Amino acid sequence: MIQMETKYKTVMCRDVDKRLHGKTVVMAGWVHQIRDLGGKKFVVVRDGSGLVQVTIAKDSSSKDVLEIAEQLTLESVVQVKGVVKEDPRAPRGAEIAPIEIKILNLAKKPLPLDVSGKVPADIDTRLRERVMDLRRREMRAVVKIGDTVLKVIREVLRQKGFVEVFTPKIIATATEGGANLFPVIYFGKEAFLAQSPQLYKELLAASLERVFEIGPAWRAEESDTPYHLAEFISIDVEAAFMDYEDVMKILEEVVYEVIKSVKQENEDDLHALNHSLPEISLPLPRVRYIDAVKMLRDKGVEIEIGEDLSATHLRLLNETLNTPLYFITEFPTKIRAFYTKPKDSDPIYSESFDLVWKHLELASGSSRIHLKEQLIKALNDRGLNAESFSYFIKWFDYGMPPHAGWGMGYARLMLMLTGRNSVKEVTLFPRDKKRLVP
RNA sequence: GCCGCGGUAGUAUAGCCCGGCUAUUAUGCGGGCCUGUCGAGCCCGUGACCCGGGUUCAAAUCCCGGCCGCGGCGCCA
């Protein structure tokens with residue numbers, strides 16, 4: 001029972017069951033469905049918790065109730081005062097016999113989208129009419145699974161001594177090159193929206209040892225795929241005195257616990273999504289980049305060593321490995337970001353990894369360079385100007401420990417957990433190349 | 001940005017290849033019947049061919065351009 005009586009309601013829809021038989025309650029929500037049988041009228045009301053049936057009998061309900069019931073339209077907001085009746089014929093074994101119905105906001109018709117889910121809508125229509133779309137059962141399931149995910153990630157990381165932090169989202173310089181940034185005007189100066197908390201989280205690890213952040217990042221890329229957004233939520237971890245293998249263990253444990261919890265806590269939601277989650281066991285398989293390339297070559301793929309793996313490559317690799325989740329490790333140093341630590345034994349390759357789900361990169365991480373001279377060299381090797389990173393590099397003179405970390409795309413993880421097709425679907429109000437509203 | 005496919009009522013669709021008839025069906029909406037529905041049911045009605053140009057006696061259908069969308073690729077630490 002959700003204990004929260006407010007000005008508008010004494011119970012949530014989900015609370016209405018046979019245990020409340022005979023009790024007078026007040027509930028409020030949206031008209032989800034109206035079934036008029038002539039003598040009986042069933043009005044299904046929905047709120048944030050679920051559905052409840054309000055049964056109006058033409059021979060026994062008051063004239064006022066009957067009059068109001070005639071005016072109801074789908075998705076109108078109503079407040080219903082009534083008596084809970086246990087009845088095996090009702091959907092959940094109990095229903096409400098209304099004493100009074102108030103229309104708090106009458107919805108226009110027709111609706112721009114079918115909330116009940118009888119008629120499917122294109123993703124484009126759904127995003128345009130997103131507020132209606134979010135009222136659908138599937139989308140409530142997506143949001144609830146997301147809530148479990150965030151809760152579990154925080155729990156697991158805190159239990160390992162990580163503290164949650166926030167890094168600045170308006171930054172001074174195009175920090176990492178490569179990705180395109182969104183410029184903003186900051187008190188008359190040019191600034192940018194952060195593409196990643198990378199540099200700041202490293203600085204925080206240098207002070208707080210174990211930190212994580214769940215927050216937005218922005219990239220003004222051409223990327224127009226079901227896996228990219230201009231604005232996305234990134235789950236970032238950074239820890240001092242760890243290397244890439246240490247943080248891989250943390251990552252796989254986070255994902256393992258998330259899958260386990262979603263299975264336990266969101267059974268109904270998974271059912272509503274017609275989705276089931278894979279069985280995984282730890283440790284997850286680890287495939288070195290060089291071995292992945294060999295596997296692809298064995299399949300007849302023309303790929304150069306040193307070339308990055310494309311989605312097509314990952315699809316093929318997934319077929320070969322026959323496992324839903326796996327790590328690819330030790331990428332060539334030159335295709336990773338400048339702060340990635342090369343292997344001491346073989347600097348061509350790096351202490352890096354990607355976590356891959358089927359053909360989708362969920363997360364990527366590495367050991368980081370913690371020595372100033374090495375970092376400057378890495379910047380120079382990539383044609384980046386070390387001077388513009390001076391605010392970052394400076395701190396490497398004052399006790400920068402060895403450290404490692406990873407970043408995971410929240411929406412991509414959600415894709416795996418919900419079985420949806422696009423990160424746009426699991427993001428409430430997605431921002432992509434063409435979409436700025438709603 | 002490139003390639004492919006598409007754009008038909010509020011929503012989702014059939015028709016397009018092979019031009020011509022009242023543009024199909026579901027859902028929604030309006031009306032009617034019905035006292036236990038739970039995607040209620042049955043009957044009647046309502047509402048649409050993305051925009052511009054071309055071919056043709058005749059265009060939803062064929063051709064050209066545009067706009068928009070979806071998928072793949074590319075781009076993306």
Side-chain angles (χ1 to χ4, degrees), chain A residues 32-44 51-61 73-75 85 87-93 95 97 107-129 132-133 136-137 174-181 194-199 201-202 217-230 232 234 236 308 310-313 315 331 333-340 350 352-354 359 361 363-366 368-369 378-379 382 384 405-407 409 421-422 424-425 432-435:
Chain A
H32 186 71
Q33 202 170 38
I34 303 170
R35 289 190 288 269
D36 191 343
L37 275 71
K40 282 263 179 358
K41 188 174 231 176
F42 300 101
V43 177
V44 178
L51 304 171
V52 74
Q53 178 167 283
V54 175
T55 301
I56 298 157
K58 289 204 177 151
D59 56 2
S60 59
S61 294
T73 55
L74 294 181
E75 295 306 311
K85 304 269 188 197
D87 193 320
R89 295 170 298 185
R92 285 207 332 274
E95 62 193 8
K108 276 169 69 173
K109 55 195 178 185
L111 296 167
L113 194 73
D114 171 28
V115 174
S116 76
K118 272 179 260 182
V119 182
D122 291 336
I123 183 69
D124 185 46
T125 308
R126 290 175 49 202
L127 293 176
R128 192 179 67 236
E129 308 298 343
M132 293 288 115
D133 187 51
R136 296 168 53 247
R137 177 66 184 96
T175 48
E176 296 183 46
N180 292 312
L181 305 191
Q195 68 184 130
S196 156
Q198 182 61 36
L199 271 29
K201 71 176 177 171
E202 286 191 54
W218 294 268
R219 290 178 196 179
E221 294 304 335
E222 288 298 308
S223 305
D224 198 2
T225 82
Y227 313 114
H228 290 83
L229 291 170
F232 64 100
S234 179
D236 273 275
D308 207 354
S310 70
T312 311
H313 292 144
R315 259 182 255 269
F331 285 86
T333 303
K334 68 171 186 182
I335 61 170
R336 302 296 278 202
F338 72 87
Y339 47 77
T340 307
S350 59
S352 59
F353 62 90
D354 278 2
H359 57 276
E361 179 194 318
S364 79
S366 66
R368 323 297 195 188
I369 295 172
L379 281 164
R382 287 169 177 78
L384 296 166
W406 45 260
N421 298 316
S422 162
K424 294 172 194 175
E425 219 177 327
D432 61 32
K433 235 181 127 185
K434 295 268 176 69
R435 225 175 307 262

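Naming convention: chains lettered A, B, ... in sequence-line order (proteins, then strands); numbering from 1 in each chain. Here the structure is a predicted model, which means the values were calculated and not measured.
A donor-acceptor contact under 3.5 Å links the side chain of A:Glu95 to the base of B:G36. Judged by distance alone, with hydrogens and angles left aside, A:Lys118 brings no side-chain donor or acceptor close enough to the base of B:U27 to form a pair under 3.5 Å. Interface remark: the A:Glu129 side chain does not form any donor-acceptor pair with the B:U11 base, using a distance-only criterion of under 3.5 Å.
With both pairing distances under 3.5 Å, B:U55 is matched to nothing as a Watson-Crick or G-U wobble pair. Taking a pair to require two hydrogen-bonding distances under 3.5 Å in either a Watson-Crick or a G-U wobble arrangement, B:C70 pairs with B:G4. Searching all strands for a Watson-Crick or G-U wobble partner of B:A48 with both distances below 3.5 Å returns nothing. Under the Watson-Crick or G-U wobble criterion, with both distances below 3.5 Å, B:A26 is paired with B:U11. Base pairing of B:U61: no nucleotide in any strand meets the Watson-Crick or G-U wobble criterion (both distances under 3.5 Å). The base-pairing partner of B:G36, taking Watson-Crick or G-U wobble contacts with both distances under 3.5 Å, does not exist among the strands shown.
Whole-Å rounding puts the A:His228 NE2 to B:G71 C1' distance at 15 Å. Taking atom CG of A:Asp122 as the reference point, atom C1' of B:U8 lies 13 Å away to the nearest angstrom.
Residue A:Thr225 is in base contact, counting any heavy-atom pair closer than 4.0 Å across all strands shown.
When the salt bridge (charged side-chain N to carboxylate O under 4.0 Å, His left out) test is applied to A:Arg136, the partners found at least two apart in sequence or on another chain are A:Asp133, A:Glu138.
Checked by atom type, the side-chain pair A:Gln33/A:Ser116 shows no donor-acceptor distance below 3.5 Å.
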